[in-house]
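The figures here come from the full heavy-atom set of this structure, side chains too, leaving out hydrogens, waters and symmetry mates.
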Amino acid sequence: MAENSDITSLEDSFRKFAIYGDTKATGQEMTGKNWSKLCKDCKVNDGKAITGTDVDIVFSKVKAKSARVITYEEFTKALEELSAKRFKGKSKEEAYEAICKLVAGKEPVSAGITKAAATGAVDRLTDTSKYTGSHKERFDQTGKGKGKSGRETIVENTGYVGSYKLAGTYDAKVKK
């Protein structure tokens, strides 16, 4: 069988994959989805000797009839089943140790996670200095939004038409 340090790191890997993606998981039981992820991430599932279907079949074999999860003991049985198929030329013990080395110390990989892209298109669309028309009036020179005053037209009761260049000069002319 595997060495003691391999067993502890194997159990550690089991716990990490068991809680992956589930906030309520305790790490004592692993779902079929996480078992498939473990086999894929640790390169147990090579696509030739072992496929995704083989992984699912082994999971169904080792779990209890009505259960939807496997424990650590069932997990080691599942690895034993897969080891014989993955490493055909080796003895059972050598194959099990080899598959334990593949899994031991590994963590779930978050591949394919979408990150916020700061490409030229995003910068161009969020640059307030290039806004025109009514949108331009919603931001000041620094690019900070004006709030309600930028969205609504505030009426000034001065008696002049908006943007009249001689606004406020009437009183100066009449007083003469």
### Task
Keeping the roles fixed (side chain from R86, backbone from I50), state whether a donor-acceptor pair exists under 3.5 Å.
no
### Summary
Rounded to the nearest 0.5 Å, the SG atom of C42 sits from the NZ atom of K101 at a distance of 15.0 Å
## Note on the structure
Contacts satisfying salt bridge (Lys or Arg N to Asp or Glu O under 4.0 Å) that involve residues 62-74 (not counting sequence neighbours) are none
### Query
Could you walk me through whether K92 and E80 pass the salt bridge (charged side-chain N to carboxylate O under 4.0 Å, His left out) check?
CA-CA 8 Å; K92 277 190 170 186; E80 283 178 34; over 6 Å; no
### Contacts of E29 that satisfy salt bridge (charged side-chain N to carboxylate O under 4.0 Å, His left out) - sequence neighbours left out
none
### Task
Over all heavy atoms of both residues, which pair between G32 and F59 is shortest? Give the atoms and the distance, please.
N-CZ, 3.4 Å
### Test salt bridge (charged side-chain N to carboxylate O under 4.0 Å, His left out) applied to E94 - qualifying residues, sequence neighbours left out
none
### Listed partners of K16 passing salt bridge (charged side-chain N to carboxylate O under 4.0 Å, His left out), at least two apart
D12, E107
### Task
Apply salt bridge (charged side-chain N to carboxylate O under 4.0 Å, His left out) to R15 and E11, showing your working.
CA-CA 6 Å; R15 291 195 194 314; E11 195 169 350; 2.8 Å; yes
### Message
Has D41 got a side-chain atom pairing as donor or acceptor with V109's backbone, closer than 3.5 angstrom?
### Response
yes
### Query
Between Y72 and M30, is there a shared hydrophobic cluster once you connect ILVMFWY residues whose side-chain heavy atoms come closer than 4.5 Å?
yes
### Query
Is the NZ or CZ atom of K37 both under 6.0 Å from the centre of the six-membered ring of Y20 and within 45° of that ring's axis?
yes
### Message
Looking at K106, is its backbone amide N or carbonyl O close enough to the side chain of S13 to form a donor-acceptor pair, meaning the two atoms are under 3.5 Å apart?
### Response
yes
### Task
Rounded to the nearest 0.5 Å, what's the gap from CD on E81 to CD1 on I99? Could you check?
11.0 Å
### Query
Do I19 and N34 touch side chain to side chain, with heavy atoms closer than 4.5 Å?
no
### Task
Provide the full list of side chain to side chain donor-acceptor pair (under 3.5 Å) pairs with a residue in residues 43-57, sequence neighbours left out, each pair given once.
S36-D56, T51-D54, D54-K85
### Message
In this structure, would F87 and L38 fall into the same cluster of hydrophobic residues linked by side-chain contacts under 4.5 Å?
### Response
yes
### Message
Going by side-chain contact (heavy atoms from CB on, under 4.5 Å), name the residues that satisfy it together with D22, two or more places apart in sequence or in a different chain.
### Response
K24, A25
### Query
Which atom pair, heavy atoms only, marks the closest approach of A78 to W35?
CB-CH2, 3.6 Å
#### Entry: Distance (rounded to the nearest 0.5 Å) between S91 OG and E97 CD
8.0 Å
### Query
Can you say whether the rings of F14 and F75 are parallel (under 30°), tilted (30 to 60°) or perpendicular (over 60°)?
tilted
